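Bear in mind that the values here come from a model prediction, so they are computed numbers and not experimental data.
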Amino acid sequence: MKIGITGGIGSGKTTICKIFEVLGIPVYYADDRAKRLMVENEILKKGIIELFGKNAYLENGELNRAHIAGIAFKDANILKALNNLVHPAVHKDANEWADAQTDAPYSLREAALIFEGGG
């Protein structure tokens with residue numbers, strides 16, 4: 001069984017998930033995973049570079065958050081395009097992760113935008 005934990009900033013999602021982790025329930029943290037996928041997933045990286053240019057990543061391979069934010073939060077269409085790249089990748093990753101949690105009776109997915117992101 002896959003259970004979603006969602007809500008706005010400061011609503012207690014992480015606190016609740018930490019309690020379940022103490023009880024042995026696996027938790028997928030979508031925001032943390034999205035940040036990692038944006039650096040590690042080559043298909044996602046390619047799409048981000050196509051959208052934001054070569055400056056989307058720093059020389060050390062890390063995401064250039066300032067560059068991306070400076071563009072995405074000024075243009076709703078680019079932000080939507082970024083979300084259209086990231087959300088499906090996170091959704092796929094979350095499902096693969098949840099399917100691998102065979103030792104637990106259920107797993108939790110913590111994400112602010114579960115419904116908006118297609119989850």
Side-chain angles (χ1 to χ4, degrees):
M1 181 184 316
K2 303 172 191 174
I3 299 171
I5 305 292
T6 190
I9 295 171
S11 63
K13 297 180 301 293
T14 301
T15 301
I16 292 299
C17 288
K18 294 294 181 190
I19 292 169
F20 277 95
E21 281 184 306
V22 169
L23 298 172
I25 301 301
V27 178
Y28 181 93
Y29 292 94
D31 286 346
D32 294 341
R33 201 59 192 147
K35 290 173 187 170
R36 204 165 148 200
L37 287 170
M38 291 171 76
V39 172
E40 296 176 359
N41 180 307
E42 292 302 321
I43 295 169
L44 186 53
K45 277 180 71 171
K46 183 180 178 202
I48 291 169
I49 291 169
E50 287 175 6
L51 193 58
F52 295 96
K54 62 181 172 79
N55 291 329
Y57 290 87
L58 302 171
E59 286 184 26
N60 66 2
E62 291 298 312
L63 196 62
N64 186 345
R65 296 185 193 291
H67 174 73
I68 290 172
I71 296 170
F73 293 116
K74 291 180 183 174
D75 186 328
N77 290 326
I78 292 180
L79 180 58
K80 183 177 179 180
L82 177 61
N83 286 335
N84 287 339
L85 288 172
V86 174
H87 287 240
V90 173
H91 183 66
K92 180 179 185 275
D93 185 68
N95 283 335
E96 290 171 355
W97 175 88
D99 290 344
Q101 305 308 310
T102 57
D103 292 339
Y106 56 92
S107 63
L108 302 179
R109 177 177 173 190
E110 187 266 356
L113 303 174
I114 286 180
F115 299 107
E116 298 85 347

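Taking hydrophobic clusters as Ile, Leu, Val, Met, Phe, Trp and Tyr residues chained together by side-chain heavy-atom distances below 4.5 Å, Leu85 shares a cluster with Ile71. Grouping the Ile, Leu, Val, Met, Phe, Trp and Tyr side chains by contacts below 4.5 angstrom, directly or via other members, places Ile78 with Leu63. Tracing side-chain contacts under 4.5 Å through hydrophobic residues (I, L, V, M, F, W, Y), one never reaches Leu23 starting from Ile3; they form parts of separate clusters.
Listed for the Lys13 side chain is no donor-acceptor partner under 3.5 Å among the backbone atoms of Glu110. In this structure, Ser107 contributes its side chain and Val27 its backbone to no donor-acceptor pair below 3.5 Å.
Asp32 CG to Leu37 CG: the interatomic distance, rounded to the nearest 0.5 Å, is 11.0 Å. Taken from CG in Leu79 to CD1 in Ile68, the straight-line distance is 11.5 Å, to the nearest 0.5 Å. One distance of note links CG of Leu58 with CD of Glu62; it measures 7.5 Å at 0.5 Å rounding.
Between Leu82 and Met38, some side-chain heavy-atom pair lies under the 4.5 Å cut-off. Taking 4.5 Å as the limit, every side-chain heavy atom of Thr6 sits out of range of all side-chain heavy atoms of Ser11. His91 is listed as a side-chain neighbour of Arg109, based on a closest heavy-atom distance under 4.5 Å.
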Self-check item: Tyr28/Leu108 under side chain to side chain contact (heavy atoms under 4.5 Å, CB included): CA gap, chis, key distance, verdict
Solution: CA-CA 6 Å; Tyr28 181 93; Leu108 302 179; over 6 Å; no
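At most 12 non-hydrogen atoms from other residues, nucleotides or ligands lie less than 6.0 angstrom from CD1 of Ile43.
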Exercise answer: donor-acceptor pairs, residues 44-54 side-chain atoms, under 3.5 Å, sequence neighbours excluded:
none

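Here the closest non-hydrogen pair linking Val39 and Gly61 is CG1-O, 3.7 Å. When all heavy atoms are compared, the tightest approach of Pro26 to Gln101 is CB-OE1, 3.5 Å.
Residue pairs meeting the salt bridge (charged side-chain N to carboxylate O under 4.0 Å, His left out) criterion with at least one member in residues 82-101, sequence neighbours excluded: Lys2-Asp99, Arg33-Asp93, Lys92-Glu96.
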